[in-house]
Structure formats: C-alpha cells, structure tokens
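Everything on this sheet refers to the single structure shown next.
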Amino acid sequence: MQAIGIFGGTFDPIHFGHLRLAEEMAEGLGLGRVLFIPAGQPPHRGAPRTAASHRLEMVRRAISGNPRFDADAREVERPRPSYTVDTLTALRAELGNDQPLWLLLGADAFLELPTWHEWRRLFDLANIAVAARPGAQQSDAMPDPLKSEVLQRQVADGSAAGPAGSVLWRATTPLDISATVIRDTLARHGSARYLLPDAVLDYIHEHQLYTHYEH
Ligand code: ATP
C-alpha cells in the first residue's frame, strides 16, 4: 500500500518552496499521492487576507499536471477553524487504520508543533516528515516536550515506519521563498516571477490579488 502525504498550509500564495518540498518528499518516501490542504481559518495565526476560494484555486493551478498531487478542499469548506488533528482524524476514518500517512512539515512549522491543538494526538494519526536543511538534523531549537516525543519516534528512512507514529527528518533542497515576501513584492508592484508558477501568477494578476496588501 503506497503511503499518502498530507501537506497543509495557508498557501497565500502557494510557491516553489512548497512544491519542491512536496515533490522531494513524494520521491524520497515513495508517496503515491500528496494531498495539498489549504487552511480555511488557521487557528494559530491571523486570518489569511486572501479568500480561501482563491487560495484553493491557486493550489489547483500550481499542481495541475502532476499526477500524484491533489488539492483537498475540506478545510476551506469547513466554517470552523481548521485543526490538523481534525483533518487527520477524518482522513484516517476514510482511508482506514492500515494506510500509511505522512504529514509533511517545514522545520519552522515542526518546531511550533507543541502550540497546535491536541498536538500529541497527531502522532497517533500519522507519521511526520520534517523538511530540514541539509546537515541541519534535529534542531537544538526543539522545545523539550517535542524533543522527548521525537526521541522515541525517530526513524532514519520511511520504510521503517508503520501507518503512523514515526518522525523522519529529510534533507530537502533549501529554497528561501516565503509567501510573505511574495505578497510584499506584489504589493509594491515588483516582480514575483520565478518564485512561483506562472499559472499562479497569472491567476493573481487576473484577480488583482495582493495589490492592496499591507503587512
Ligand atoms: P507565510 O510567509 O505567509 O508565513 P509560507 O510561505 O511560510 O507563508 P505556509 O503556507 O505558511 O507558507 O507554509 C506551509 C508549509 O510549507 C509549512 O510546513 C512551512 O514550513 C512550509 N514551507 C513554507 N515555505 C517553505 C520553503 N521555502 N521551503 C520549504 N518549506 C516551506
């Protein structure tokens, strides 16, 4: 049974940092599918300024043509704040207990895990793959509760993992691209070309997104 990757984010907008992380994780972990799940109303940060429908459509355009990438609208369609633990619970119910799941996270997001709603339950529901900069292994910046969870769960490669419960650090190509910088650049009418797919940039221009963005 091929494992499935789950990649959440605000994707405001989606960019090559996100896409490359997902592609390298898919290849390295042998994922049959990666589900991109744009957050509706992220609970632990300010509400995204861009309508969820636009963020979802940008994800769809960015991944079209990649047969193993899919967009999943469940968080965008949910009126309540979207907690990852709820999304994973729903996916687990749909896919069954034997399906290996990998939650894909950038190292910055992983270090904040203890601030997430019912974060320890995430390990019961999925494996976690953390995209690390080459050589950066387990960061000393890890808070103690996270460190102790990770110590007992860390595996060196994906084949040692079951359906859930393992943590893997994987070096991925560092691409220092952030949605914040893209939004700022577009707000001052600068060029964001080559930071994100042309199809996404065309959509942004078509709908005049980010032109009135203020940080
Ligand atoms: P913002 O600048 O608005 O905070 P962002 O570019 O960091 O946005 P998010 O949607 O918040 O994007 O990130 C979703 C996930 O993608 C997180 O797990 C984050 O760590 C990861 N991520 C974001 N940018 C990169 C990047 N350049 N390289 C690797 N992972 C990234």
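- With contacts defined as side-chain heavy-atom distances shorter than 4.5 Å, the pair Val85/Trp116 does not qualify.
- Once rounded to the nearest 0.5 Å, the distance linking CD1 of Ile6 with CD1 of Ile128 reads 10.5 Å.
- The two residues Pro38 and Asp72 make their nearest non-hydrogen contact at CD-O, 3.4 Å.
- For the residue pair Thr172 and Ala131, the shortest heavy atom distance occurs at OG1-CB, 3.5 Å.
- Val34 approaches Ala26 most closely through the heavy-atom pair CG2-CB, 3.9 Å.
- Evaluation of the ring pair (Phe, Tyr, Trp, His ring centres under 6.0 Å) rule for Phe69 yields Phe36 as partners, not counting sequence neighbours.
- The CH2 atom of Trp119 sits 4.5 Å away from atom CD of Glu149, with the distance rounded to the nearest 0.5 Å.
- Taking a 6.0 Å sphere around CD of Gln152, one finds it holds more than 12 heavy atoms contributed by other residues, nucleotides or ligands.
- Between the side chain of Arg60 and the backbone N or O of Ala71, no donor-acceptor pair lies under 3.5 Å.
- Both Phe7 and Leu175 are members of a single hydrophobic cluster when ILVMFWY side chains are connected at heavy-atom separations under 4.5 Å.
- In the hydrophobic clustering of ILVMFWY residues, with side-chain heavy atoms under 4.5 Å counting as a link, Leu146 and Leu88 come out together.
- Atoms CG and CH2, on Leu31 and Trp102 in that order, are 8.5 Å from each other to the nearest 0.5 Å.
- Contact between Ala179 and Pro13 at its shortest, heavy atoms only, is CB-O, 3.7 Å.
- With sequence neighbours left out, the ring pair (Phe, Tyr, Trp, His ring centres under 6.0 Å) criterion links His15 to His18.
- By the rule that hydrophobic residues join a cluster once side-chain heavy atoms approach within less than 4.5 Å of another member, Leu201 and Leu56 end up as members of separate clusters.
- To the nearest 0.5 Å, atom CG of residue Leu29 and atom CD of residue Glu24 are 11.0 Å apart.
- When atom types are taken as modelled, the side chain of Asn127 and the backbone of Ser166 share a donor-acceptor pair closer than 3.5 angstrom.
- Rounding to the nearest 0.5 Å places CD of Glu75 at 6.0 Å from CD1 of Ile37.
- Side-chain atoms of Thr89 and Arg92 form no donor-acceptor pair, as typed in the model, at a separation below 3.5 Å.
- A donor-acceptor pair is defined here as one N or O able to donate and one able to accept, closer than 3.5 Å; such a pair exists between the side chain of Arg55 and the backbone of Ala39.
- Residue Arg74 comes nearest to Ala90 through the heavy atom pair NH1-CB, 3.8 Å, listed as atom of the first residue, atom of the second, then distance.
- The CZ atom of Arg61 lies 8.5 Å from the CG atom of Asp202; values are rounded to the nearest 0.5 Å.
- At distances below 3.5 Å, not a single donor-acceptor pair connects side-chain atoms of Asp98 with backbone N or O atoms of Pro163.
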